[in-house]
Amino acid sequence: MAEPMDDRSRLGVALLVSAFVVSTCGLIYELLAGTLASYLLGDSVTQFSTIIGSYLFAMGVGSWCSRYLKRNELALFVRVEILIAAIGGASAAILFLLFDRVSDFRIPLYGLVLAIGALVGLEIPLLMRILKDRLEFSDLISKVLTFDYIGALAASLLFPLLLVPHLGLIRTGLLFGLFNVAVAIAVILMLPRRRRLWAELVAAILVTVVLAAGFFASEQIERTAEVAAYGDPILYAASTPYQRIVITKRGDDLRLFLNGNLQFSSRDEYRYHEALVHPVLSRVASPRNVLVLGGGDGLAVREILKYPGVGSVTLVDLDPAMTQLFSRTTMLTALNHRSLLSPRVHVVTADAFSWLRANQRRFDAVLVDFPDPTNFAIGKLYTVSFYRELARALSPGAVLSVQSTSPLVAPRAYWTVATTLEAAGLTTRGYHVYVPSFGEWGFVMASNGPIGRPGALPAGLRFLTPQSDALAFFFPPDMARRATPVNRLDNQELVREFEAEWAVYEG
């Protein structure tokens, strides 16, 4: 009959399990910082590369410093866990709250990354020294590293598939802070009463209370950060597996933000959407089948439905929360004229790239209304590979239009879209209009053949006329065409150009 484990054995098992927990938590904090930086600062490759590099460097510093901590290793381990729980667990909430309140957001961002990394770097060396009298050296190394690597795998799978889609960044950080502090409390409670670390236990309980309160108040924390960022009263805010949706309203100005980026203002969105839709549909002889990629707010569809000859509109949007919101909310359906509820409209929830590859239908007109290429996930939708699939979906004589950022602020990014469409075998014509919320804004029209002259515009437009349509195709010298590269999946030149040009403009 096996003998029951003594306190030392139970503590040894608990410490091995803690290696799994602390490894998982450590990688989660690293992923949180990289994701948050890419959300707020853009250019995900640069942000993840610099965050990971800084974090690993700090872990190395922490591991090197552990050599000087030679007394009371168990108490030190507990204190490190409490500190990591407090700093790492609250890191996402702190950074969201500071984003619009500090002059240089990178200072607190990298300060937290270095602090968390250094503390995480202390964990495994301390664990191994605590366990050295309980395990043979070879068993010690293999077991600790095995639990460590399994924890890393768990974190890398849980973070994108479960945590971010369902909890969001702030709650994920706070939850794993609770896991860290739970390790500290478990280790304390497994010590003999005479060796129990009472001061550390009180600190751990206080950190637990703060993190738990933060977890249940996370939506309020996010709203507080957003009120500072947006300035206007927030009517709606929600995180989906794909983006953060925020709607604000001041007076008659209703605004939609996705991941902090303005998508429209109700005061002038008609200028943007009339310019996106009508130059295209007026150049198609008899548009019957129209495709909209993006545009889950239904505003482009509203303009398309002004053509009675259009029998079918297919809208492909990645996020069902967007199309549902703009189909069910009275204030929003009043803005899009209930366009998404029209029997002529078929809404498809899918990734546009994957959907196009599987699509066998042909369309008479296509409107591409994606967000700006602020990251590589969106940038793939502006590549020559995507545009080749798009060209395949065009009927003979069909015309498409792509929203293509500002030719005044980001002329290289704007003309890169045209160059890339041409590399896909399409004929292009650039045009631009003034939208007060955005400034000078550009579109690129394209077709498999020559682009014809415009026909009649529908009645009742508020902005576009035959005269303004003709003027839209004139580019003064500061917006004139220039040599630009082709945006490909393997280089994503457009994202880099977009970030660089807008960074100069915004200072």
Side-chain angles (χ1 to χ4, degrees), residues 14-37 47-92 94-95 106-132 135 137 140-156 158-159 172-173 176-187 197 200 203-204 207 211:
L15 289 168
L16 281 174
V17 173
S18 72
F20 168 80
V21 176
V22 301
S23 173
T24 305
C25 293
L27 186 55
I28 290 292
Y29 301 138
E30 183 179 0
L31 293 170
L32 277 173
T35 303
L36 194 144
Q47 303 309 329
F48 266 100
S49 296
T50 54
I51 292 293
I52 290 170
S54 301
Y55 192 84
L56 292 175
F57 167 76
M59 285 181 64
V61 171
S63 296
W64 184 80
C65 290
S66 69
R67 64 192 293 184
Y68 299 106
L69 305 176
K70 298 182 178 179
R71 299 176 59 188
N72 301 322
E73 285 100 339
L74 195 58
L76 284 169
F77 176 75
V78 168
R79 292 166 193 159
V80 166
E81 290 307 297
I82 295 170
L83 281 171
I84 293 174
I87 300 172
S91 60
I94 291 169
L95 291 171
R106 289 171 176 81
I107 294 174
L109 170 65
Y110 285 95
L112 283 171
V113 167
L114 293 172
I116 297 166
L119 289 168
V120 170
L122 289 170
E123 287 177 311
I124 296 302
L126 286 173
L127 261 179
M128 294 178 73
R129 279 157 49 187
I130 294 166
L131 289 167
K132 70 180 187 298
L135 295 168
F137 182 75
L140 171 64
I141 296 294
S142 66
K143 287 183 178 179
V144 169
L145 292 182
T146 296
F147 279 95
D148 183 55
Y149 294 146
I150 293 173
L153 174 64
S156 65
L158 288 172
F159 187 79
T172 295
F176 280 81
L178 288 169
F179 289 157
N180 264 124
V181 79
V183 168
I185 292 172
V187 170
L197 305 168
E200 285 81 358
V207 169
L211 293 175

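Just so you know, these numbers use all the heavy atoms, side chains as well, and skip hydrogens, waters and symmetry mates.
Counting heavy atoms from C-beta on, the side chains of V80 and V120 never come closer than 4.5 Å. Between F77 and V183 there is a side-chain heavy-atom pair separated by less than 4.5 Å. Considering only heavy atoms from C-beta on, Y29 stays 4.5 Å or farther from I87 through its side chain. Residues T35 and F48 are in side-chain contact: their nearest non-hydrogen atoms beyond the backbone lie under 4.5 Å apart. Counting only heavy atoms from C-beta outward, the side chains of I84 and C25 never approach each other to under 4.5 Å.
Atom CD of E123 sits about 12.5 Å away from atom CG of L76, to the nearest 0.5 Å. To the nearest 0.5 Å, atoms CG (N180) and CD (E81) are separated by 5.0 Å. Here the straight-line distance linking atom CG of L36 with atom CG of L31 works out to 12.0 Å at 0.5 Å rounding. Here the OG atom belonging to S23 is positioned 9.5 Å from the CD1 atom belonging to I150, to the nearest 0.5 angstrom. In this structure, T24 OG1 and L158 CG are separated by 7.5 Å, a value rounded to the nearest 0.5 Å.
Smallest separation of non-hydrogen atoms from I82 and A184: CG1-CB, 3.8 Å. Of all heavy-atom pairs between S91 and I116, the closest is CB-CD1, 3.9 Å. Residue A33 comes nearest to V113 through the heavy atom pair CB-CG2, 3.7 Å, listed as atom of the first residue, atom of the second, then distance. Nearest heavy-atom pair, I185 versus A204, reported as atom, atom and distance to 0.1 Å: CG1-CB, 3.6 Å.
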Ignoring hydrogens and angles, write down the donor-acceptor pairs under 3.5 Å from the side chains of residues 52-66, residues two or more places apart or on other chains.
from: S54; atom 1: OG; to: T50; atom 2: O; distance (Å): 2.8
from: Y55; atom 1: OH; to: G26; atom 2: O; distance (Å): 2.7
from: S63; atom 1: OG; to: M59; atom 2: O; distance (Å): 3.1
from: S63; atom 1: OG; to: G121; atom 2: O; distance (Å): 2.9
from: S66; atom 1: OG; to: S63; atom 2: O; distance (Å): 2.5

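Every residue two or more places apart in sequence or in another chain that forms a ring-ring contact (aromatic ring centres under 6.0 Å, His included) with F179 is listed here: F176.
Judged by distance alone, the side chain of S156 and the main-chain N or O of L153 form a donor-acceptor pair under 3.5 Å.
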Please assess I51 against L109 for the test side chain to side chain contact (heavy atoms under 4.5 Å, CB included), listing each intermediate value before the final yes or no. CA-CA 9 Å; I51 292 293; L109 170 65; 4.1 Å; yes
